[in-house]
Amino acid sequence: MATDSSTQTETLPEIDEDDFVIITHQEANALRRPRFLNDISDYIDSIAEELWPINKKIHDKPELGYGEVIAHYTLTAYMKTQPGWTVTRSAYGMKTAWVAVYDTGRRGPCVSFNVEMDALPAIGHACGHNLIATASLAGALATAHLLSLYSLPGRVVLFGTPAEEGGGGKIRLLAAGAYKDHGVDISLISHPGTVGDCALTHTTAYIRMKVEYFGREAHAAAEPWLGVNALDALITAYNGISVLRQQTMPSDIIQGHITDGGAKPNIIHAYAAGIFVVRAATQRRLEELLGKVMACFDAGAMATGAKVKVTRLMAYKDHVPNRLLGRSYVRYFNPLVPEEGDGGRDGDGNEAGGPKKIPEDQDVDKMRGWSGASSDQGDIAHAMPSIMPGFEIPPGPGGAGPHNPGFAESAGTRLSFERSLRVAKALAGTAVDVLTVDGLLEEIKKEWRRSMNGGK
């Protein structure tokens with residue numbers, strides 16, 4: 001039976017002869033425990049054994065972006081068994097996108113959770129998207145349970161978002177009007193890693209480009225002066241970028257590799273190409289940095305006489321976390337952290353850290369949550385208030401973190417699954433705060449508008 005802490009009978013703390021209140025650690029934590037946390041925690045614990053095989057199937061059957069057929073079917077089949085949920089498969093023109101909606105029929109906020117499903121080529125779920133899926137799935141179900149339990153108004157929407165690893169599934173859902181169609185007010189998601197738990201994850205703005213140079217063939221030994229060397233143009237640009245890095249900011253990242261370096265050594269190369277990625281802390285800084293990188297590409301063409309063509313393949317915006325949502329998340333997450341840890345061990349068998357309480361100082365939390373990586377959740381964060389809390393799981397062998405096969409191994413363990421459920425509880429608590437605290441959503445949106453305006 002559900003309990004409401006406002007009506008529970010509590011034992012008063014002991015008062016000593018100097019009028020000091022004496023309480024234990026456990027009592028202190030209980031006094032700070034949010035009202036709905038027990039109900040959320042008990043509910044997610046009750047469905048854990050149903051979620052474990054779903055998590056394992058997604059992990060053990062890794063699929064690339066837009067090909068997440070098994071994950072799509074497994075998740076939607078489960079959601080179709082949940083009372084009160086309406087499920088749409090292959091939504092918004094994408095085979096593996098899906099939407100599940102829980103609508104109370106009473107006017108109120110709409111909270112959403114994003115589910116990621118795709119894996120990485122050759123190394124499987126080395127970014128832990130099975131855990132992201134589990135946390136969002138459990139969090140959304142728990143939020144709906146609280147709506148039903150306390151007859152609260154509002155809606156919960158669960159989005160199955162394909163192809164985060166470079167395919168931009170969330171961007172396609174945004175462009176198709178998915179979030180607007182459902183009147184979504186906030187978006188919640190999470191991400192595993194090997195650093196300390198945090199609420200305010202900030203990712204970089206990112207663009208990926210194909211750069212091609214077109215020259216003219218000639219015999220490289222007999223008549224090289226008749227040729228225009230496209231590979232020299234690409235190498236000149238590559239070296240120009242290497243020189244540029246000396247004058248870039250610490251948070252600027254420029255990466256590239258050559259995909260086509262010519263045909264044969266004795267032919268002046270008429271074609272050369274590469275893929276380049278540029279990242280920066282903010283969207284504005286990305287545009288500034290991109291201008292400098294483009295000048296390097298142009299310089300390669302000018303130096304050799306080749307023609308250059310730059311094709312933008314994909315771009316993600318920086319994820320700007322909402323501080324008020326982050327504050328709610330910390331309120332729910334920290335009381336769930338066991339004082340003695342949870343016995344986690346890394347891939348080498350050594351005692352692993354985590355979970356850790358999140359600093360209540362949000363500036364410290366934001367420093368912990370800084371990431372040089374990028375995500376299409378950033379585009380969501382530029383469209384509505386969002387948080388993407390990071391949570392620590394044990395590293396793989398040799399301290400392996402994300403995008404390493406050892407991390408994929410860690411992401412498939414029962415311990416990592418259990419940590420994702422702890423995150424789910426805090427995400428659900430955050431959603432319930434939005435649904436129940438008068439005026440909170442308005443303040444969240446005000447903070448979001450301020451952050452989108454450069455903090456002004």
Side-chain angles (χ1 to χ4, degrees), residues 64-67 118-123 126-127 162-169 171-172 203-248 252-280 283 285-318 372-376 378-379 403:
L64 301 184
Y66 296 117
D118 60 322
L120 289 158
I123 56 175
C127 209
E164 186 277 337
E165 296 291 350
I171 298 172
R172 289 181 62 180
T203 63
T204 55
Y206 147 101
I207 185 168
R208 187 172 81 250
M209 303 165 287
K210 181 178 183 180
V211 181
E212 300 172 280
Y213 287 95
F214 302 89
R216 184 171 62 245
E217 296 95 338
H219 196 293
E223 298 177 313
W225 54 85
L226 296 179
V228 175
N229 198 318
L231 181 59
D232 280 351
L234 180 56
I235 295 298
T236 299
Y238 191 98
N239 288 336
I241 289 170
S242 296
V243 173
L244 172 65
R245 287 193 184 97
Q246 187 178 359
Q247 278 77 46
T248 57
D252 294 340
I253 303 167
I254 312 169
Q255 304 155 313
H257 75 287
I258 296 172
T259 58
D260 195 318
K264 294 182 68 176
N266 62 350
I267 301 174
I268 296 295
H269 308 297
Y271 179 78
I275 300 294
F276 288 81
V277 167
V278 182
R279 304 177 200 254
Q283 198 67 24
R285 175 57 187 167
L286 179 64
E287 293 302 321
E288 294 173 354
L289 181 60
L290 185 58
K292 298 176 184 293
V293 173
M294 294 297 292
C296 293
F297 296 148
D298 291 338
M302 291 176 65
T304 61
K307 290 181 170 55
V308 63
K309 178 183 178 182
V310 179
T311 305
R312 298 190 179 200
L313 302 176
M314 181 58 68
Y316 290 170
K317 295 178 179 177
D318 54 313
S374 307
S375 170
D376 55 359
D379 291 75
H403 291 216

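All values reported here derive from a predicted model rather than from experimental measurement. If you read the sequence from its start, that first residue is 1, and numbering goes on from there.
- Under a 3.5 Å cut-off, the side chain of Asp376 and the backbone N or O of Glu164 do not form any donor-acceptor pair.
- Tyr66 is linked by a side-chain contact (heavy atoms from CB on, under 4.5 Å) to Met94, Pro162, Ala163, Arg172, counting only residues two or more places apart in sequence or in another chain.
- In this structure, Ile258 and Ile235 approach most closely via the heavy-atom pair CD1-CD1, 3.7 Å.
- By the side-chain hydrogen bond (donor to acceptor under 3.5 Å, both in side chains) test, Glu165 is found to be paired with His129, residues two or more places apart in sequence or in another chain being considered.
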List the atom pairs, with distances to 0.1 Å, where a side-chain N or O of residues 292-313 and a protein N or O form a donor-acceptor pair under 3.5 Å, not counting sequence neighbours.
unit_1	atom_1	unit_2	atom_2	d
Thr304	OG1	Gly300	O	2.9
Thr304	OG1	Ala306	N	3.3

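- In this view, Thr248 and Leu244, Arg245, Asp252, Ile254, Leu289 satisfy the side-chain contact (heavy atoms from CB on, under 4.5 Å) rule, not counting sequence neighbours.
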Identify all side-chain donor-acceptor contacts of residues 224-233 below 3.5 Å with residues at least two apart in sequence or on another chain.
unit_1	atom_1	unit_2	atom_2	d
Asn229	OD1	Leu231	N	2.9
Asn229	OD1	Asp232	N	3.0
Asn229	ND2	Asp232	OD2	3.4

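- Residues in residues 209-227 take part in these salt bridge (charged side-chain N to carboxylate O under 4.0 Å, His left out) pairs, two or more places apart or across chains: Lys210-Glu212.
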Could you go step by step and tell me if Phe276 and Ile241 meet the side chain to side chain contact (heavy atoms under 4.5 Å, CB included) rule? CA-CA 10 Å; Phe276 288 81; Ile241 289 170; 3.8 Å; yes
Side-chain donor-acceptor pairs of residues 260-268 under 3.5 Å, sequence neighbours excluded:
unit_1	atom_1	unit_2	atom_2	d
Asp260	OD1	Gly262	N	3.2

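- Expressed to the nearest 0.5 Å, how far CG of Leu290 lies from CE of Met209 amounts to 5.5 Å.
- The side-chain hydrogen bond (donor to acceptor under 3.5 Å, both in side chains) check on Thr204 picks up Ser374, with sequence neighbours excluded.
- When the side-chain hydrogen bond (donor to acceptor under 3.5 Å, both in side chains) test is applied to Tyr206, the partners found at least two apart in sequence or on another chain are Arg208.
- Note that the OH atom of Tyr271 and the CZ atom of Phe214 stand 5.5 Å from one another [nearest 0.5 Å].
- Between Gly372 and Arg279 the shortest heavy-atom distance is O-CD, 3.4 Å.
- Looking only at distances, no side-chain donor or acceptor of Tyr238 sits under 3.5 Å from a matching main-chain atom of His257.
- By the side-chain hydrogen bond (donor to acceptor under 3.5 Å, both in side chains) test, Glu287 pairs with no residue at all, sequence neighbours left out.
- Note that CE of Met314 is 5.5 Å distant from CD1 of Ile171, once rounded to the nearest 0.5 Å.
- Closest approach of Ala237 and Tyr213 over heavy atoms only: CB-OH, 3.4 Å.
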